[in-house]
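Have a look at the structure below before the remarks.
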Protein chains: 2
Amino acid sequence: MNRSPEAARELRRAYLFADMAEEHLNALFQTAHDIHLNAGDALFRQGQPAERFFFLRDGMVKLFRLSPEGDEKIIEIMQPGQTFAEAVMFMGTHGRYPVNAEAVNESRLYAIEQKSFLNLLRESSDACFGLLGSMSRRLHMLVNQIESLTLQNATYRLVAYLLEQIPRDVKTSPEVQLTTPKGVIASRLAIQPETLSRILAKLRQGGLIDVHGNHITVRDVQALRNLVHLPPVE
Amino acid sequence: MNRSPEAARELRRAYLFADMAEEHLNALFQTAHDIHLNAGDALFRQGQPAERFFFLRDGMVKLFRLSPEGDEKIIEIMQPGQTFAEAVMFMGTHGRYPVNAEAVNESRLYAIEQKSFLNLLRESSDACFGLLGSMSRRLHMLVNQIESLTLQNATYRLVAYLLEQIPRDVKTSPEVQLTTPKGVIASRLAIQPETLSRILAKLRQGGLIDVHGNHITVRDVQALRNLVHLPPVE
DNA sequence: CGATGGCATTGACCTTGGTCAACCGCCCCC
DNA sequence: GGGGGCGGTTGACCAAGGTCAATGCCATCG
């Protein structure tokens with residue numbers, strides 16, 4: 001595939017590639033494949049041999065596990081600019097994807113061959129460090145998730161999720177536009193859709209938020225922060 | 001500290017060091033410190049600046065989070081021959097430990113300076129690969145834990161834990177010696193000690209196991225495997 | 001030897017969140 | 001315009017597991 005080096009810059013949005021040498025990034029990019037998914041399309045299934053990993057250009061992809069009964073738990077919702085499944089390469093010989101991946105919205109991705117990436121890692125310790133950084137961030141994220149699943153209740157998890165959706169620099173009464181169907185958020189938080197509804201209703205009745213479909217107006221940030229034991233914002 | 005190179009071999013038990021060049025391992029080992037902990041001693045606290053990571057020689061160390069109310073959730077129970085807190089080095093500048101670490105039993109460890117390890121990683125891509133392997137194993141373990149916390153109930157988690165304790169090659173009615181107090185196991189499985197007791201009693205009444213204090217005799221492996229949807233052992 | 005304290009067990013009760021079912025609003029499509 | 005399907009909401013009920021309290025069981029120690 002013939003690709004412009006400028007387009008490789010797009011990859012720099014990912015932590016994994018942020019500090020990678022220009023030449024390495026270009027070389028890697030030459031072997032990348034374009035992927036287009038419609039909403040609901042599967043990208044890979046748990047247990048399949050993992051020969052490539054992915055950079056999400058736009059759209060949204062969910063990573064999830066299924067129970068034998070068919071219940072779904074979303075481990076992570078990937079956002080544009082993020083990479084995923086890079087870690088699988090190191091799961092012994094011939095790793096397999098440990099989760100399922102499916103597009104939530106229409107999505108465009110680059111698929112990168114693990115073989116070429118492995119070659120690169122052998123040569124460039126900077127690339128190694130980029131990957132180590134990516135993986136330790138994900139590790140930390142999973143530990144946080146385990147903590148909130150075990151030590152906190154459903155209301156806590158939902159409120160924490162809402163607060164995460166508020167951009168850092170907002171001071172005024174913040175608006176949150178839910179970017180995924182509520183059912184997806186429920187699965188990410190490991191609660192049932194009905195429970196999500198009820199918690200939102202409770203927060204609404206308490207005057208903490210307003211809900212209009214996907215759009216939530218936070219009326220009392222302070223109260224929400226208290227609920228999750230966060231210090232008041234100065 | 002003056003150390004015999006032979007003793008460095010001890011470190012090879014850890015995946016992280018298994019394939020590392022002899023010279024590198026020795027160099028790293030020269031800067032290692034001995035640590036001795038009594039049962040209940042803290043090794044580090046969540047939030048402390050992380051300047052070293054650890055190799056557990058013997059004993060047992062728990063890694064855990066605390067809720068604001070003081071409830072404890074054990075993320076991982078470290079066994080002799082394992083390393084932990086290696087990943088923290090890559091959490092941006094001056095990482096901090098994301099969990100607490102405390103000895104369950106009397107323990108001996110080596111503490112390894114992250115600085116010397118970082119230097120080594122820059123020089124040796126083999127060392128990098130060892131670390132990447134360690135981290136992806138831990139990543140996988142955490143995903144499994146999230147799955148069983150959200151998609152499975154308490155009985156499932158306990159049975160899965162018991163089956164994990166059975167050595168691979170045992171065919172006859174297997175004996176499980178619990179190596180930690182039941183309260184520790186309960187926290188690892190995210191259940192209350194009372195619930196652990198009750199589930200064991202239920203399994204006992206069902207004729208699946210015998211319980212004598214810390215010692216559990218599995219009377220019906222097949223039935224237990226069915227409970228956690230594992231295929232029958234051939 | 002009895003006292004103390006930590007761990008485990010058991011029972012009674014309660015709370016959270018899941019389950020099941022009905023229903024609404026909306027969009028799409030025939 | 002009517003029907004159907006999907007996502008979300010609401011209500012009634014239920015159950016798994018948490019909470020609280022009493023008790024037992026050792027092991028340790030004075």
Side-chain angles (χ1 to χ4, degrees), chain A residues 38-40 60 62 67 69-74 102 104-105 148-162 176-205 209-216 227, chain B residues 38-40 60 62 67 69-74 102-106 148-159 161-162 176-206 209-216 227:
Chain A
N38 291 311
M60 201 169 294
K62 62 179 179 183
S67 76
E69 294 79 32
D71 298 332
E72 170 181 314
K73 163 60 174 128
I74 295 179
E102 203 177 287
V104 178
N105 301 324
S148 74
L149 286 172
T150 54
L151 259 20
Q152 317 294 164
N153 63 19
T155 302
Y156 179 105
R157 296 206 293 279
L158 175 53
V159 169
Y161 178 85
L162 287 179
V176 175
Q177 188 68 36
L178 300 180
T179 51
T180 60
K182 287 181 181 165
V184 171
I185 296 173
S187 165
R188 171 55 246 282
L189 301 176
I191 57 184
Q192 297 308 116
E194 295 94 325
T195 306
L196 178 58
S197 252
R198 281 190 259 264
I199 295 173
L200 284 179
K202 205 182 53 190
L203 294 174
R204 183 156 30 80
Q205 284 154 28
I209 60 175
D210 278 342
V211 184
H212 303 99
N214 291 335
H215 189 89
I216 295 177
L227 274 182
Chain B
N38 290 313
M60 202 169 293
K62 63 179 179 182
S67 76
E69 294 78 33
D71 298 331
E72 170 181 314
K73 162 62 175 126
I74 295 179
E102 206 178 285
V104 178
N105 300 325
E106 187 177 358
S148 74
L149 286 171
T150 55
L151 259 20
Q152 318 293 164
N153 63 20
T155 301
Y156 179 105
R157 296 205 292 281
L158 175 54
V159 170
Y161 179 86
L162 287 180
V176 175
Q177 188 67 38
L178 300 180
T179 50
T180 60
K182 287 182 181 161
V184 171
I185 296 173
S187 166
R188 171 55 246 283
L189 301 176
I191 56 184
Q192 297 309 117
E194 294 94 326
T195 305
L196 178 59
S197 253
R198 281 189 259 263
I199 295 173
L200 283 179
K202 207 182 53 191
L203 294 175
R204 182 155 31 80
Q205 284 155 29
I209 61 174
D210 278 341
V211 184
H212 303 100
N214 291 335
H215 189 89
I216 294 177
L227 274 182

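Below, read A as the first sequence line, B as the second, and so on, with proteins coming before strands; counting in each chain starts at 1. As the structure is a prediction and not an experimental result, all values here were calculated from the model.
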Inset, instruction - Quick one: pull up OG1 in A/T150 and CG in B/L189 and give me the separation to the nearest 0.5 Å. - result: 11.5 Å

Legend entry - Listed nucleotide nearest any side-chain atom of B/P181, set C/dG18, C/dT10, C/dA8: C/dA8

Inset, instruction - Drop me the distance from A/Q152's CD to A/L227's CG, to the nearest 0.5 angstrom. - result: 11.0 Å

Legend entry - Closest non-hydrogen atom pair between A/K182 and A/L196, with its separation: O-CD2, 3.2 Å

Inset, instruction - Please state how far atom CD in A/E194 lies from atom C1' in C/dT19, giving the value in whole angstrom units. - result: 7 Å

Legend entry - Heavy-atom donor-acceptor pair, A/R198 side-chain to C/dT19 base, under 3.5 Å: yes

Inset, instruction - Ignoring backbone atoms, establish whether A/T195 has a side-chain N or O less than 4.0 Å from OP1 or OP2 of C/dG17. - result: no

Legend entry - Distance (rounded to the nearest 0.5 Å) between A/Q192 CD and A/D71 CG: 7.0 Å

Inset, instruction - Would you give the length of the straight line joining atom CD1 of A/I199 to atom OG1 of A/T195, rounded to the nearest 0.5 angstrom? - result: 6.5 Å

Inset, instruction - To the nearest Å, give me how far apart CD (B/Q192) and P (C/dT10) are. - result: 17 Å

Inset, instruction - Considering only heavy atoms of chain A and a distance under 4.0 Å, specify the first and last nucleotide of DNA chain D in 5' to 3' order that meet this criterion. - result: D/dG8 to D/dA12

Legend entry - B/S67 side chain to A/L151 backbone, donor-acceptor under 3.5 Å: no

